Amino acid sequence: MILPCWFLHHSELEQPSYLTKMDLVSKPKTTAPIWAHFGFTPDDKGQPKDVDTAVCQICKREIPAKAANTTNLRNHLKAHHPTEFAEVLKSSRAAHTSSQVTIAQAFERVTKYKRDSMKWRTLTDSVTRYIAKEMQPFNTVEKPAFKEMLYNFDKQYELPGKTYISKTAIPNLYREVKDEILKDFKEIDFYSATTDMWSSVNMTPYMSLTVHYLTTDWTLVSKCLETRYAPENHTADTLSETLKCILSDWELDEKKISCITTDNGANIVAAVGKLGWPWLNCFGHNLHLAVTNAIASEKDRTARALGLCRNLVNTFSMSWLKRRDLKKAQMEADIPQHNLVLQIPAIRRVLIDDRKHGHLNPTWQDVSVLESINAALKPVADFTDVLSGEKYVTVSSVKPVLDLLKDELLSPDSNDTTLTSNIKKKMCAKRKAQPSTHGLTKREQADAELSRYLLEEALDNSADPLMWWRDNESRFPLISKLARKYMCICATSTASERMFSTAGNIVTPVRCCLKPEKVNMLVFLSRNLPSH
(Lines give C-alpha, C1' and ligand atoms only; values in the text may rest on other atoms or scores of the structure.)
Protein backbone atom coordinates (compact mmCIF):
# COMPACT_ATOMS: atom_id res chain seq x y z
CA MET A 1 0.00 0.00 0.00
CA ILE A 2 1.31 3.43 -0.95
CA LEU A 3 1.10 5.95 1.88
CA PRO A 4 0.27 9.57 1.23
CA CYS A 5 3.08 12.11 1.53
CA TRP A 6 1.52 13.83 4.51
CA PHE A 7 1.40 10.52 6.38
CA LEU A 8 5.07 9.74 5.60
CA HIS A 9 6.17 13.11 6.90
CA HIS A 10 4.12 12.61 10.04
CA SER A 11 5.57 9.16 10.63
CA GLU A 12 9.15 10.53 10.52
CA LEU A 13 8.37 12.72 13.51
CA GLU A 14 6.84 9.96 15.57
CA GLN A 15 9.94 7.99 16.56
CA PRO A 16 10.22 5.95 19.75
CA SER A 17 10.18 8.25 22.75
CA TYR A 18 12.87 6.29 24.53
CA LEU A 19 15.49 7.67 22.04
CA THR A 20 16.55 10.93 23.65
CA LYS A 21 19.64 13.03 22.91
CA MET A 22 21.46 11.57 25.87
CA ASP A 23 20.76 8.00 24.70
CA LEU A 24 22.72 8.39 21.45
CA VAL A 25 26.44 7.79 21.06
CA SER A 26 28.43 10.49 19.22
CA LYS A 27 30.65 9.57 16.33
CA PRO A 28 34.22 9.34 17.60
CA LYS A 29 37.17 11.20 16.05
CA THR A 30 35.24 13.53 13.79
CA THR A 31 35.49 17.26 13.16
CA ALA A 32 32.69 17.61 10.58
CA PRO A 33 30.06 20.05 11.93
CA ILE A 34 27.17 17.92 10.64
CA TRP A 35 27.83 15.15 13.16
CA ALA A 36 26.77 17.51 15.95
CA HIS A 37 23.17 16.69 14.91
CA PHE A 38 23.54 12.90 14.53
CA GLY A 39 24.57 9.97 16.67
CA PHE A 40 24.27 6.16 16.95
CA THR A 41 22.07 3.81 18.92
CA PRO A 42 24.20 2.34 21.71
CA ASP A 43 24.62 -1.34 22.47
CA ASP A 44 24.85 -2.91 25.94
CA LYS A 45 28.44 -1.68 26.31
CA GLY A 46 27.66 1.91 25.30
CA GLN A 47 29.29 1.55 21.88
CA PRO A 48 27.59 2.27 18.50
CA LYS A 49 25.28 -0.63 17.69
CA ASP A 50 25.29 -0.01 13.95
CA VAL A 51 27.84 2.46 12.56
CA ASP A 52 26.13 2.43 9.16
CA THR A 53 22.89 3.86 10.55
CA ALA A 54 22.85 7.31 12.10
CA VAL A 55 20.05 8.77 14.21
CA CYS A 56 18.99 12.42 13.98
CA GLN A 57 19.40 14.19 17.32
CA ILE A 58 16.42 16.44 16.52
CA CYS A 59 13.71 14.15 15.16
CA LYS A 60 15.21 10.76 16.12
CA ARG A 61 14.83 9.37 12.61
CA GLU A 62 17.31 6.71 11.47
CA ILE A 63 19.31 7.75 8.38
CA PRO A 64 21.57 5.45 6.34
CA ALA A 65 25.22 6.54 6.66
CA LYS A 66 27.26 3.70 5.22
CA ALA A 67 31.04 4.11 5.63
CA ALA A 68 30.43 7.41 7.46
CA ASN A 69 29.09 9.03 4.29
CA THR A 70 27.32 12.26 5.17
CA THR A 71 25.35 12.87 1.96
CA ASN A 72 22.12 11.40 3.38
CA LEU A 73 22.64 13.29 6.60
CA ARG A 74 22.97 16.60 4.74
CA ASN A 75 19.88 15.88 2.64
CA HIS A 76 17.88 15.08 5.76
CA LEU A 77 18.87 18.33 7.49
CA LYS A 78 18.21 20.33 4.34
CA ALA A 79 14.70 18.86 3.89
CA HIS A 80 13.48 18.73 7.49
CA HIS A 81 15.69 21.06 9.57
CA PRO A 82 16.69 24.03 7.37
CA THR A 83 17.79 26.21 10.28
CA GLU A 84 20.28 23.64 11.54
CA PHE A 85 21.37 22.95 7.95
CA ALA A 86 22.21 26.64 7.47
CA GLU A 87 24.35 26.59 10.64
CA VAL A 88 26.20 23.50 9.39
CA LEU A 89 26.94 25.21 6.08
CA LYS A 90 28.24 28.30 7.83
CA SER A 91 30.49 26.25 10.15
CA SER A 92 31.82 24.16 7.25
CA ARG A 93 32.77 27.22 5.23
CA ALA A 94 34.55 28.82 8.20
CA ALA A 95 36.49 25.61 8.91
CA HIS A 96 37.43 25.30 5.25
CA THR A 97 38.64 28.89 5.09
CA SER A 98 40.74 28.63 8.28
CA SER A 99 42.35 25.37 7.19
CA GLN A 100 43.18 26.53 3.67
CA VAL A 101 46.92 26.77 3.14
CA THR A 102 48.62 28.79 0.43
CA ILE A 103 51.28 27.23 -1.74
CA ALA A 104 53.94 29.36 -0.03
CA GLN A 105 52.74 28.22 3.41
CA ALA A 106 52.75 24.62 2.33
CA PHE A 107 56.37 24.93 1.21
CA GLU A 108 57.27 26.65 4.46
CA ARG A 109 56.04 23.69 6.45
CA VAL A 110 58.10 21.13 4.60
CA THR A 111 60.96 22.99 2.83
CA LYS A 112 64.01 24.59 4.45
CA TYR A 113 66.53 26.80 2.71
CA LYS A 114 69.53 24.87 1.47
CA ARG A 115 72.81 25.88 3.05
CA ASP A 116 74.30 26.75 -0.31
CA SER A 117 71.37 28.99 -1.24
CA MET A 118 71.74 32.78 -1.38
CA LYS A 119 68.86 33.26 1.07
CA TRP A 120 70.41 31.03 3.74
CA ARG A 121 73.83 32.67 3.36
CA THR A 122 72.32 36.15 3.61
CA LEU A 123 70.37 35.35 6.76
CA THR A 124 73.32 33.59 8.39
CA ASP A 125 75.57 36.54 7.55
CA SER A 126 73.10 38.86 9.28
CA VAL A 127 73.09 36.66 12.40
CA THR A 128 76.91 36.54 12.37
CA ARG A 129 77.19 40.31 12.06
CA TYR A 130 74.76 40.75 14.95
CA ILE A 131 76.80 38.44 17.18
CA ALA A 132 80.09 40.14 16.26
CA LYS A 133 78.91 43.76 16.38
CA GLU A 134 76.90 43.41 19.59
CA MET A 135 79.54 41.22 21.28
CA GLN A 136 77.15 38.33 21.92
CA PRO A 137 78.34 34.82 22.89
CA PHE A 138 78.36 32.13 20.21
CA ASN A 139 75.74 30.03 22.02
CA THR A 140 73.18 32.79 21.37
CA VAL A 141 72.16 30.82 18.27
CA GLU A 142 71.21 27.86 20.46
CA LYS A 143 69.06 29.75 22.95
CA PRO A 144 65.37 28.81 22.63
CA ALA A 145 64.01 32.37 22.62
CA PHE A 146 66.46 33.49 19.89
CA LYS A 147 65.66 30.43 17.76
CA GLU A 148 61.93 30.98 18.20
CA MET A 149 62.26 34.62 17.19
CA LEU A 150 64.09 33.77 13.95
CA TYR A 151 61.62 30.95 13.25
CA ASN A 152 58.77 33.44 13.48
CA PHE A 153 60.63 35.78 11.12
CA ASP A 154 61.21 33.07 8.50
CA LYS A 155 60.04 29.50 9.02
CA GLN A 156 62.17 28.20 6.17
CA TYR A 157 65.43 29.38 7.75
CA GLU A 158 67.31 26.80 9.80
CA LEU A 159 69.73 28.47 12.22
CA PRO A 160 73.25 26.95 12.34
CA GLY A 161 74.81 25.89 15.64
CA LYS A 162 77.44 27.69 17.70
CA THR A 163 80.25 25.55 16.26
CA TYR A 164 79.50 26.78 12.75
CA ILE A 165 79.33 30.41 13.94
CA SER A 166 82.61 30.12 15.84
CA LYS A 167 84.69 28.09 13.39
CA THR A 168 83.26 29.10 10.02
CA ALA A 169 81.03 32.18 10.02
CA ILE A 170 83.17 34.48 12.22
CA PRO A 171 86.48 33.67 10.45
CA ASN A 172 84.83 34.17 7.06
CA LEU A 173 83.41 37.53 8.11
CA TYR A 174 86.79 38.53 9.56
CA ARG A 175 88.54 37.77 6.25
CA GLU A 176 85.84 39.65 4.32
CA VAL A 177 86.16 42.83 6.42
CA LYS A 178 89.94 42.58 6.46
CA ASP A 179 90.06 42.39 2.65
CA GLU A 180 87.91 45.53 2.41
CA ILE A 181 90.27 47.42 4.74
CA LEU A 182 93.33 46.21 2.82
CA LYS A 183 91.80 47.67 -0.36
CA ASP A 184 91.36 51.01 1.41
CA PHE A 185 94.98 50.96 2.59
CA LYS A 186 96.22 50.83 -1.00
CA GLU A 187 94.79 54.30 -1.61
CA ILE A 188 96.20 56.14 1.43
CA ASP A 189 99.33 58.30 1.32
CA PHE A 190 100.02 58.47 5.06
CA TYR A 191 98.67 57.10 8.32
CA SER A 192 99.22 57.47 12.05
CA ALA A 193 98.88 54.85 14.77
CA THR A 194 98.10 54.40 18.46
CA THR A 195 99.01 51.45 20.63
CA ASP A 196 98.68 50.27 24.22
CA MET A 197 98.87 47.13 26.40
CA TRP A 198 95.97 45.38 28.16
CA SER A 199 95.28 42.28 30.26
CA SER A 200 91.97 40.43 30.12
CA VAL A 201 89.91 39.21 33.08
CA ASN A 202 92.00 36.03 33.20
CA MET A 203 95.24 38.08 32.97
CA THR A 204 95.99 37.23 29.36
CA PRO A 205 98.20 40.02 27.92
CA TYR A 206 97.34 41.75 24.64
CA MET A 207 98.78 44.54 22.54
CA SER A 208 96.48 46.72 20.45
CA LEU A 209 97.15 48.77 17.35
CA THR A 210 94.82 51.22 15.61
CA VAL A 211 95.59 53.26 12.52
CA HIS A 212 94.13 56.61 11.47
CA TYR A 213 94.16 58.10 7.99
CA LEU A 214 92.44 60.58 5.72
CA THR A 215 90.42 59.38 2.74
CA THR A 216 90.46 61.07 -0.65
CA ASP A 217 87.48 63.22 0.42
CA TRP A 218 89.24 64.32 3.64
CA THR A 219 87.31 62.13 6.04
CA LEU A 220 89.26 61.02 9.11
CA VAL A 221 88.96 57.24 9.51
CA SER A 222 90.10 54.99 12.37
CA LYS A 223 90.57 51.24 12.01
CA CYS A 224 91.26 48.71 14.75
CA LEU A 225 93.81 46.32 13.27
CA GLU A 226 94.97 43.98 15.99
CA THR A 227 94.41 42.89 19.55
CA ARG A 228 97.46 40.66 19.49
CA TYR A 229 98.32 38.08 22.11
CA ALA A 230 101.63 39.12 23.77
CA PRO A 231 102.80 36.35 26.12
CA GLU A 232 106.51 37.25 26.03
CA ASN A 233 108.22 39.71 28.36
CA HIS A 234 107.25 43.22 27.28
CA THR A 235 110.74 44.43 26.50
CA ALA A 236 111.51 47.09 23.92
CA ASP A 237 112.78 44.45 21.50
CA THR A 238 109.64 42.31 21.85
CA LEU A 239 107.26 45.24 21.45
CA SER A 240 109.10 46.69 18.46
CA GLU A 241 109.09 43.31 16.74
CA THR A 242 105.36 42.90 17.44
CA LEU A 243 104.57 46.33 15.99
CA LYS A 244 106.65 45.61 12.93
CA CYS A 245 104.93 42.25 12.39
CA ILE A 246 101.47 43.83 12.62
CA LEU A 247 102.30 46.40 9.94
CA SER A 248 103.76 43.66 7.76
CA ASP A 249 100.64 41.49 8.15
CA TRP A 250 98.50 44.44 7.06
CA GLU A 251 100.80 45.35 4.16
CA LEU A 252 101.42 48.83 5.58
CA ASP A 253 104.60 50.63 4.55
CA GLU A 254 106.58 51.89 7.55
CA LYS A 255 107.72 54.86 5.49
CA LYS A 256 104.12 56.12 5.31
CA ILE A 257 103.62 56.32 9.09
CA SER A 258 103.48 59.97 10.09
CA CYS A 259 103.47 59.37 13.86
CA ILE A 260 102.58 56.86 16.57
CA THR A 261 100.93 57.99 19.82
CA THR A 262 101.58 56.03 23.04
CA ASP A 263 101.77 56.56 26.77
CA ASN A 264 105.07 57.29 28.53
CA GLY A 265 105.92 53.67 29.38
CA ALA A 266 109.68 53.23 29.11
CA ASN A 267 109.38 49.97 27.17
CA ILE A 268 107.02 51.27 24.48
CA VAL A 269 108.95 54.55 24.14
CA ALA A 270 112.17 52.57 23.66
CA ALA A 271 110.42 50.25 21.17
CA VAL A 272 109.25 53.18 19.03
CA GLY A 273 112.72 54.73 19.22
CA LYS A 274 114.23 51.43 18.09
CA LEU A 275 111.93 51.44 15.06
CA GLY A 276 112.76 55.06 14.26
CA TRP A 277 109.13 56.09 13.95
CA PRO A 278 107.97 59.66 14.76
CA TRP A 279 106.46 59.55 18.25
CA LEU A 280 103.94 61.59 20.25
CA ASN A 281 103.28 60.95 23.91
CA CYS A 282 99.60 60.81 24.91
CA PHE A 283 98.21 64.20 25.99
CA GLY A 284 95.66 62.52 28.27
CA HIS A 285 98.34 60.47 29.98
CA ASN A 286 100.53 63.52 30.50
CA LEU A 287 97.61 65.50 31.87
CA HIS A 288 96.86 62.66 34.29
CA LEU A 289 100.51 62.60 35.42
CA ALA A 290 100.49 66.37 35.91
CA VAL A 291 97.37 66.21 38.08
CA THR A 292 98.64 63.21 40.07
CA ASN A 293 102.04 64.79 40.73
CA ALA A 294 100.50 68.13 41.66
CA ILE A 295 98.16 66.50 44.20
CA ALA A 296 100.97 64.31 45.55
CA SER A 297 103.15 67.37 46.13
CA GLU A 298 100.48 68.66 48.54
CA LYS A 299 99.89 65.28 50.15
CA ASP A 300 100.14 66.58 53.71
CA ARG A 301 97.19 68.92 53.10
CA THR A 302 95.09 66.76 50.77
CA ALA A 303 95.53 63.19 52.05
CA ARG A 304 92.78 63.28 54.74
CA ALA A 305 90.15 64.97 52.53
CA LEU A 306 90.79 62.67 49.56
CA GLY A 307 90.83 59.60 51.80
CA LEU A 308 87.52 60.73 53.27
CA CYS A 309 86.10 61.05 49.74
CA ARG A 310 87.14 57.50 48.87
CA ASN A 311 85.53 56.12 52.02
CA LEU A 312 82.34 58.09 51.39
CA VAL A 313 82.08 56.75 47.86
CA ASN A 314 82.64 53.18 49.04
CA THR A 315 80.08 53.56 51.83
CA PHE A 316 77.34 54.95 49.62
CA SER A 317 78.14 52.64 46.72
CA MET A 318 77.83 49.52 48.84
CA SER A 319 74.59 50.46 50.62
CA TRP A 320 71.25 50.97 48.89
CA LEU A 321 69.91 52.29 52.19
CA LYS A 322 72.48 55.10 52.14
CA ARG A 323 71.63 55.92 48.52
CA ARG A 324 67.93 55.98 49.38
CA ASP A 325 68.51 58.27 52.37
CA LEU A 326 70.76 60.51 50.25
CA LYS A 327 68.04 60.92 47.64
CA LYS A 328 65.53 61.77 50.37
CA ALA A 329 67.91 64.32 51.92
CA GLN A 330 68.50 65.92 48.53
CA MET A 331 64.75 66.32 48.04
CA GLU A 332 64.34 67.85 51.49
CA ALA A 333 67.22 70.27 50.88
CA ASP A 334 65.82 71.10 47.42
CA ILE A 335 69.11 70.33 45.63
CA PRO A 336 69.72 68.32 42.43
CA GLN A 337 69.58 64.55 42.90
CA HIS A 338 73.12 63.52 41.94
CA ASN A 339 75.40 60.83 43.27
CA LEU A 340 77.85 62.42 45.71
CA VAL A 341 78.79 65.57 43.83
CA LEU A 342 80.11 67.57 46.77
CA GLN A 343 76.62 67.88 48.26
CA ILE A 344 77.79 68.28 51.82
CA PRO A 345 74.41 69.23 53.39
CA ALA A 346 72.72 66.12 52.03
CA ILE A 347 75.61 63.86 53.05
CA ARG A 348 75.58 65.27 56.57
CA ARG A 349 71.83 64.65 56.89
CA VAL A 350 72.36 60.99 56.04
CA LEU A 351 75.33 60.44 58.37
CA ILE A 352 74.37 62.62 61.34
CA ASP A 353 72.68 59.79 63.27
CA ASP A 354 74.84 56.95 61.91
CA ARG A 355 77.21 55.83 64.69
CA LYS A 356 79.08 53.43 62.42
CA HIS A 357 79.81 55.97 59.67
CA GLY A 358 79.43 59.24 61.54
CA HIS A 359 83.19 59.82 61.39
CA LEU A 360 82.86 60.20 57.59
CA ASN A 361 81.02 63.49 57.96
CA PRO A 362 83.28 66.08 56.27
CA THR A 363 84.57 68.87 58.52
CA TRP A 364 84.80 72.46 57.30
CA GLN A 365 88.55 71.93 56.79
CA ASP A 366 87.84 68.91 54.55
CA VAL A 367 85.30 70.91 52.56
CA SER A 368 87.79 73.77 52.13
CA VAL A 369 90.49 71.40 50.82
CA LEU A 370 88.11 69.71 48.39
CA GLU A 371 86.86 73.05 47.07
CA SER A 372 90.46 74.20 46.54
CA ILE A 373 91.32 71.01 44.62
CA ASN A 374 88.16 71.34 42.55
CA ALA A 375 88.98 74.94 41.68
CA ALA A 376 92.41 73.88 40.41
CA LEU A 377 91.26 70.88 38.37
CA LYS A 378 87.98 72.16 36.96
CA PRO A 379 89.58 74.21 34.12
CA VAL A 380 91.25 71.11 32.63
CA ALA A 381 88.31 68.74 33.05
CA ASP A 382 86.98 69.09 29.50
CA PHE A 383 90.23 68.98 27.54
CA THR A 384 90.85 65.24 27.85
CA ASP A 385 87.52 64.42 26.21
CA VAL A 386 87.98 67.05 23.51
CA LEU A 387 91.43 65.78 22.55
CA SER A 388 90.40 62.10 22.64
CA GLY A 389 88.23 62.18 19.52
CA GLU A 390 88.75 59.93 16.52
CA LYS A 391 86.43 61.61 13.99
CA TYR A 392 88.05 65.04 13.95
CA VAL A 393 91.53 66.58 14.02
CA THR A 394 93.10 66.70 17.50
CA VAL A 395 96.87 66.99 17.13
CA SER A 396 96.69 70.59 15.91
CA SER A 397 94.94 71.53 19.16
CA VAL A 398 97.67 70.31 21.53
CA LYS A 399 99.90 73.39 21.37
CA PRO A 400 97.02 75.92 21.65
CA VAL A 401 95.51 73.97 24.55
CA LEU A 402 98.83 73.86 26.40
CA ASP A 403 99.32 77.58 25.94
CA LEU A 404 95.76 78.26 27.08
CA LEU A 405 96.28 76.13 30.19
CA LYS A 406 99.58 77.74 31.09
CA ASP A 407 98.78 81.36 30.29
CA GLU A 408 95.14 81.55 31.41
CA LEU A 409 93.34 78.60 32.95
CA LEU A 410 96.18 77.45 35.25
CA SER A 411 97.53 80.92 35.93
CA PRO A 412 97.14 81.75 39.66
CA ASP A 413 94.25 84.07 40.38
CA SER A 414 93.90 86.57 43.20
CA ASN A 415 90.83 84.70 44.43
CA ASP A 416 92.65 81.35 44.59
CA THR A 417 93.52 79.78 47.90
CA THR A 418 97.14 78.91 48.58
CA LEU A 419 96.41 75.22 47.91
CA THR A 420 94.69 75.98 44.58
CA SER A 421 97.56 78.21 43.50
CA ASN A 422 100.20 75.60 44.42
CA ILE A 423 98.40 72.82 42.53
CA LYS A 424 98.11 75.00 39.40
CA LYS A 425 101.82 75.84 39.50
CA LYS A 426 102.84 72.20 39.94
CA MET A 427 100.60 71.11 37.05
CA CYS A 428 102.25 73.62 34.72
CA ALA A 429 105.68 72.52 35.90
CA LYS A 430 104.86 68.94 34.83
CA ARG A 431 103.74 69.99 31.37
CA LYS A 432 105.22 67.42 28.97
CA ALA A 433 102.63 66.81 26.28
CA GLN A 434 104.54 68.33 23.38
CA PRO A 435 104.66 66.54 20.06
CA SER A 436 107.89 65.00 18.89
CA THR A 437 109.57 66.96 16.11
CA HIS A 438 111.37 63.90 14.73
CA GLY A 439 110.30 63.49 11.14
CA LEU A 440 108.08 66.60 11.10
CA THR A 441 110.62 69.10 9.68
CA LYS A 442 111.15 67.69 6.18
CA ARG A 443 108.98 69.34 3.55
CA GLU A 444 109.37 70.88 0.14
CA GLN A 445 107.16 73.84 -0.40
CA ALA A 446 107.15 76.31 -3.22
CA ASP A 447 107.53 79.89 -2.01
CA ALA A 448 104.54 81.13 -3.96
CA GLU A 449 102.17 78.53 -2.55
CA LEU A 450 103.39 79.10 0.99
CA SER A 451 102.96 82.84 0.63
CA ARG A 452 99.38 82.42 -0.57
CA TYR A 453 98.63 80.03 2.26
CA LEU A 454 99.94 82.43 4.91
CA LEU A 455 97.66 85.16 3.58
CA GLU A 456 94.56 83.04 4.20
CA GLU A 457 92.27 84.09 7.06
CA ALA A 458 92.38 81.89 10.15
CA LEU A 459 89.48 79.50 10.55
CA ASP A 460 86.85 80.03 13.20
CA ASN A 461 87.23 77.78 16.24
CA SER A 462 84.04 75.90 15.37
CA ALA A 463 85.07 75.26 11.73
CA ASP A 464 86.23 71.85 10.55
CA PRO A 465 89.77 72.10 9.07
CA LEU A 466 89.26 68.88 7.09
CA MET A 467 86.33 70.42 5.24
CA TRP A 468 88.46 73.49 4.48
CA TRP A 469 91.20 71.32 3.01
CA ARG A 470 88.68 69.35 0.98
CA ASP A 471 87.53 72.60 -0.64
CA ASN A 472 91.02 74.11 -1.06
CA GLU A 473 93.20 71.11 -1.88
CA SER A 474 93.47 72.14 -5.51
CA ARG A 475 94.72 75.62 -4.52
CA PHE A 476 97.48 74.25 -2.27
CA PRO A 477 98.49 70.87 -3.77
CA LEU A 478 101.85 70.70 -1.99
CA ILE A 479 100.79 71.89 1.46
CA SER A 480 97.71 69.65 1.30
CA LYS A 481 100.04 66.63 1.18
CA LEU A 482 101.56 67.73 4.48
CA ALA A 483 98.10 68.34 5.90
CA ARG A 484 97.04 64.85 4.85
CA LYS A 485 100.15 63.44 6.52
CA TYR A 486 99.97 65.19 9.88
CA MET A 487 96.30 65.93 10.49
CA CYS A 488 95.53 62.23 10.95
CA ILE A 489 97.73 62.08 14.08
CA CYS A 490 95.87 61.47 17.34
CA ALA A 491 96.70 63.65 20.33
CA THR A 492 95.95 60.78 22.73
CA SER A 493 96.12 56.98 22.69
CA THR A 494 92.46 56.78 23.72
CA ALA A 495 91.59 54.90 20.51
CA SER A 496 93.56 51.89 21.73
CA GLU A 497 92.01 52.14 25.18
CA ARG A 498 88.55 52.10 23.59
CA MET A 499 89.53 48.83 21.96
CA PHE A 500 90.17 47.40 25.39
CA SER A 501 86.75 48.52 26.59
CA THR A 502 85.33 46.51 23.71
CA ALA A 503 87.62 43.59 24.51
CA GLY A 504 86.48 43.71 28.15
CA ASN A 505 82.88 43.33 27.00
CA ILE A 506 83.88 40.29 24.94
CA VAL A 507 86.27 38.52 27.32
CA THR A 508 83.88 38.48 30.26
CA PRO A 509 84.20 36.12 33.25
CA VAL A 510 81.70 33.83 31.48
CA ARG A 511 83.77 33.85 28.25
CA CYS A 512 87.25 33.98 29.76
CA CYS A 513 88.30 30.80 27.91
CA LEU A 514 88.11 32.41 24.48
CA LYS A 515 91.30 31.78 22.54
CA PRO A 516 93.43 34.84 21.69
CA GLU A 517 92.82 34.29 17.98
CA LYS A 518 89.06 34.52 18.52
CA VAL A 519 89.46 37.55 20.79
CA ASN A 520 91.38 39.33 18.04
CA MET A 521 88.70 38.52 15.45
CA LEU A 522 85.80 39.56 17.67
CA VAL A 523 87.36 42.86 18.76
CA PHE A 524 88.29 43.61 15.16
CA LEU A 525 84.76 42.92 13.90
CA SER A 526 83.02 44.77 16.71
CA ARG A 527 85.13 47.88 16.11
CA ASN A 528 85.16 47.80 12.30
CA LEU A 529 81.75 46.51 11.23
CA PRO A 530 79.62 49.45 10.08
CA SER A 531 76.55 50.43 12.10
CA HIS A 532 73.41 50.80 10.00
Side-chain angles (χ1 to χ4, degrees), residues 263-265 282-385 388 402 404-406 408-433 492 497:
D263 59 22
N264 293 326
C282 174
F283 178 87
H285 187 251
N286 284 319
L287 188 59
H288 173 73
L289 289 178
V291 171
T292 302
N293 292 332
I295 297 296
S297 67
E298 298 290 334
K299 185 177 180 179
D300 293 342
R301 302 179 63 183
T302 62
R304 171 184 157 76
L306 293 178
L308 186 71
C309 281
R310 297 188 190 96
N311 291 332
L312 277 172
V313 171
N314 289 334
T315 299
F316 279 82
S317 297
M318 300 300 291
S319 172
W320 68 269
L321 290 173
K322 289 287 186 295
R323 293 197 297 273
R324 181 198 64 187
D325 294 343
L326 176 63
K327 186 175 182 179
K328 181 179 178 181
Q330 289 169 338
M331 293 176 64
E332 293 175 351
D334 195 23
I335 56 179
Q337 296 182 21
H338 298 303
N339 291 331
L340 297 177
V341 187
L342 220 64
Q343 294 179 339
I344 304 302
I347 293 174
R348 284 175 173 165
R349 287 192 182 199
V350 176
L351 299 179
I352 191 169
D353 295 324
D354 190 338
R355 294 183 179 180
K356 183 177 180 181
H357 300 104
H359 64 285
L360 296 179
N361 249 322
T363 64
W364 68 268
Q365 294 96 331
D366 296 326
V367 174
S368 177
V369 169
L370 293 175
E371 288 177 344
S372 296
I373 295 174
N374 184 59
L377 301 185
K378 191 174 181 180
V380 302
D382 296 331
F383 287 108
T384 300
D385 292 336
S388 297
L402 287 174
L404 179 64
L405 289 174
K406 180 180 179 182
E408 295 184 29
L409 300 181
L410 294 182
S411 178
D413 187 84
S414 57
N415 296 324
D416 290 342
T417 64
T418 303
L419 179 58
T420 299
S421 180
N422 290 343
I423 292 176
K424 285 183 176 181
K425 291 178 182 178
K426 294 291 173 51
M427 288 177 64
C428 290
K430 292 294 180 180
R431 186 167 66 99
K432 293 183 179 180
T492 69
E497 295 176 8

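No experiment lies behind these values; they were computed from the predicted model shown.
Nearest heavy atoms, Met427 versus Ala376: SD-O, 4.4 Å. Minimum interatomic distance between Val369 and Thr302 (heavy atoms only, all atoms of both residues): CG1-CA, 4.0 Å.
Between Thr292 and His288, some side-chain heavy-atom pair lies under the 4.5 Å cut-off. The side-chain heavy atoms of Ile373 and Leu306, taken from C-beta on, include a pair separated by under 4.5 Å. Lys426 is not listed as a side-chain neighbour of Asn293, based on a closest heavy-atom distance of 4.5 Å or more.
Atom-to-atom distance recorded for Leu419:CG and Glu371:CD is 11.5 Å, nearest 0.5 angstrom. For the atom pair NE2 (His285) and CG (Leu289), the distance works out to 4.5 Å, reported to the nearest 0.5 Å. Note: Arg301 CZ to Ile423 CD1 = 8.5 Å, rounded to the nearest 0.5 Å. In this structure, OG in Ser411 is found 11.5 Å from CG in Leu405, a value given to the nearest 0.5 Å.
Every residue two or more places apart in sequence or in another chain that forms a salt bridge (Lys or Arg N to Asp or Glu O under 4.0 Å) with Asp416 is listed here: Lys424. Residues forming a side-chain contact (heavy atoms from CB on, under 4.5 Å) with Leu404 (at least two apart in sequence, or on another chain): Phe383, Glu408, Leu409.
Put simply, the side chain of Ser297 gets close to the backbone of Ala294: a donor and an acceptor are under 3.5 Å apart. Listed for the Thr492 side chain is no donor-acceptor partner under 3.5 Å among the backbone atoms of Phe283.
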